[in-house]
A.B. asks: 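The structure's right below; bear with me while I get my questions together.
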Number of protein chains: 2
Amino acid sequence: MASRLSHIAKISDFLRKHKLSVTESRKQILKLFIEQPGALAHADIEKKTGERFDRVTIYRTLQTFLEKGIIHSIPTSDNSVLYALCKENCSEGRHVDHHIHFICTICQNTYCLDETNTPDIKLPKGYRLNRLEVVAEGTCKNCI
Amino acid sequence: MASRLSHIAKISDFLRKHKLSVTESRKQILKLFIEQPGALAHADIEKKTGERFDRVTIYRTLQTFLEKGIIHSIPTSDNSVLYALCKENCSEGRHVDHHIHFICTICQNTYCLDETNTPDIKLPKGYRLNRLEVVAEGTCKNCI
DNA sequence: TTAATTTTGCAACATAGTTGCTTTTAGATA
DNA sequence: TATCTAAAAGCAACTATGTTGCAAAATTAA
Ligand SMILES: [Mn+2]
Ligand SMILES: [Mn+2]
Ligand SMILES: [Zn+2]
Ligand SMILES: [Zn+2]
C-alpha cells in the first residue's frame with residue numbers, strides 16, 4: 001500500500017513535471033500507459049477506465065499527452081490509432097522516437113521495440129528525409 | 001485520339017485480365033490510379049470522378065482492387081488510408097510490396113519508391129517477422 | 001435477344017472524431 | 001481555510017468515415 005501510494009504520488013509528480021494540472025482522468029489514463037506493456041487505442045482506454053470518463057475527455061487527454069511529449073502515436077495498417085508512452089528523450093513539441101513498432105498478429109498487441117532503432121534508409125536523389133516510421137508485423141515472443 | 005482509345009481499351013483489358021467485369025466505375029477509378037504519380041485516398045477519388053459514383057461503390061471498387069492485387073494500401077501517421085497501383089508482382093490474394101513509401105509534408109503527396117526496398121531489420125530474440133511497413137516523411141524532389 | 005449473375009445506388013446504420021458551450025474542478029491567493 | 005480564477009470535464013450536436021441489406025441497373029454468357 002505504501003508502494004501503491006507512492007506510485008500514485010509519482011504519477012501526480014510526473015504530470016506536474018510536464019506542467020499539467022493533476023486531474024482524475026489524467027492520473028487514471030497515465031497510470032494505464034505506465035502499467036501497460038503494449039500500446040493502447042482510444043477504445044481500450046474507454047473500456048479499461050470503466051467508461052468513467054467522457055469520450056471527449058479521453059480524446060482531449062490523449063491530445064494533451066501527445067503535445068507534451070508524454071505519449072506518441074503509432075500508425076497501423078488497419079488504420080486504427082494507437083498510443084504508447086514516450087521514453088525520456090521526448091519533450092513538449094518534439095518527439096524523438098527512433099524505435100520501431102511491432103504488431104503481433106496473434107495477440108493483436110503492439111509493442112515499442114525501444115532497443116531496435118529505425119534503420120538508415122538511402123532515398124532516391126532529390127528526396128529529403130525528416131522522419132521514418134517502421135512498423136513490423138509478425139508473432140511476438142509470448143505467442144511464438 | 002487513337003492513343004486515347006487504345007488507352008481505354010488497355011484499361012478494359014487490364015480489368016478482364018484480372019477476371020473483373022468491365023464497368024464504368026472500375027474503368028474510371030483504375031484510370032485515375034494509372035494517370036496519377038502518387039497515392040490516392042477515397043476522398044480524392046470521389047472528387048476526381050466528379051462525384052459521379054456513390055461513396056459505397058468507390059469503397060467496394062477499392063476493396064475489389066485490393067483483393068485482386070491491383071492496388072495496395074498505405075498506412076499514414078495521420079491515419080488516413082491511401083491506395084496506390086501495385087507492380088507486376090502482386091496477384092489475387094498475395095501482395096508482394098517490398099518498397100517504402102514517401103510522404104511529402106509540403107505537397108502532401110505520397111509516392112511509392114519502387115526502387116527503394118524495405119531494409120533488413122534485426123528484431124529482438126523471440127519475435128518473428130512477417131511483414132515490414134516503412135513510411136518516410138520529408139520533402140519530395142518537386143518541393144525541395 | 002434473353003436470362004443469369006454481378007454490380008450499382010440508395011437508405012439506414014455504426015463508429016470515430018470534433019466543436020461550442022455550460023458546469024465542475026484544480027490551483028493560486030488572501 | 002475560504003474565495004476566486006483559469007483550466008478541464010461533461011454534454012449535446014455535429015461531421016466524417018465506413019458498413020450492410022436490398023432493389024434497380026448493367027454486364028456477361030447463352
Ligand atoms: Mn513507440
Ligand atoms: Mn506502394
Ligand atoms: Zn503476441
Ligand atoms: Zn512534395
A.B. asks: Can you list every pair that meets salt bridge (charged side-chain N to carboxylate O under 4.0 Å, His left out) and has a residue in residues 124-144 of chain A, with sequence neighbours left out?
C.D. replies: A:R131-A:E133, A:R131-B:E137, A:E137-B:R131
A.B. asks: Tell me, which pairs form a ring pair (Phe, Tyr, Trp, His ring centres under 6.0 Å) where one or both residues lie in residues 27-54 of chain B, sequence neighbours left out?
C.D. replies: B:H42-B:Y59
A.B. asks: Among pairs that include at least one residue of residues 105-124 of chain B, which meet salt bridge (charged side-chain N to carboxylate O under 4.0 Å, His left out), considering only residues two or more places apart or in two chains?
C.D. replies: B:K87-B:D114
A.B. asks: Please figure out whether A:Y59 or A:R16 has its closest DNA chain C nucleotide nearer the 5' end.
C.D. replies: A:Y59
A.B. asks: Let me spell it out: for each of B:V22 and B:R55, pick the nucleotide of DNA chain D with the closest heavy atom. Which residue's pick is nearer the 5' end?
C.D. replies: B:R55
A.B. asks: More than 12 non-hydrogen atoms from neighbouring residues, nucleotides or ligands closer than 6.0 Å to NZ on A:K68, yes or no?
C.D. replies: yes
A.B. asks: Only one of A:K27, A:Q28, A:E35 clears side-chain contact (heavy atoms from CB on, under 4.5 Å) with A:K31; which?
C.D. replies: A:E35
A.B. asks: So if I take the C1' atoms of five pairs at each end of the helix from C:dT1-D:dA30 to C:dA30-D:dT1 and get each local axis, what angle do the two axes make, rounded to 10 degrees?
C.D. replies: 30°
A.B. asks: Could you list where the contact with chain B starts and ends along DNA chain D, reading 5' to 3', using a 4.0 Å heavy-atom cut-off?
C.D. replies: D:dT17 to D:dT28
A.B. asks: Within the distance-only criterion (no hydrogens, no angle test), does the side chain of B:T76 pair as donor or acceptor with the backbone N or O of B:S80 below 3.5 angstrom?
C.D. replies: yes
A.B. asks: Could you label the plane-to-plane angle of the A:H101 and A:H99 rings as parallel, tilted or perpendicular, counting under 30° as parallel and over 60° as perpendicular?
C.D. replies: perpendicular
A.B. asks: How close do A:L132 and A:P119 get, counting heavy atoms only, and between which atoms?
C.D. replies: CD2-O, 3.5 Å
A.B. asks: Answer yes or no: is there a donor N or O on one side and an acceptor on the other, between the side chain of A:R26 and the main chain of A:S21, under 3.5 Å?
C.D. replies: yes
A.B. asks: I'd like a list of close polar pairs between nucleotides 7-11 of chain C and the protein, N/O only, cut-off under 3.5 Å.
C.D. replies:
from	atom 1	to	atom 2	distance (Å)
C:dT7	OP1	B:R26	NH1	3.0
C:dT7	OP1	B:R26	NH2	2.9
C:dT7	O5'	B:R26	NH2	3.4
C:dT8	OP1	B:T23	OG1	2.9
C:dT8	OP1	B:S25	OG	2.3
C:dG9	OP2	B:D54	N	3.3
C:dG9	OP2	B:T57	OG1	2.7
C:dG9	N7	B:R60	NH2	3.1
C:dG9	O6	B:R60	NH2	2.5

A.B. asks: Are any side-chain N or O atoms of A:D44 and backbone N or O atoms of A:A41, one a donor and one an acceptor, separated by less than 3.5 Å?
C.D. replies: yes
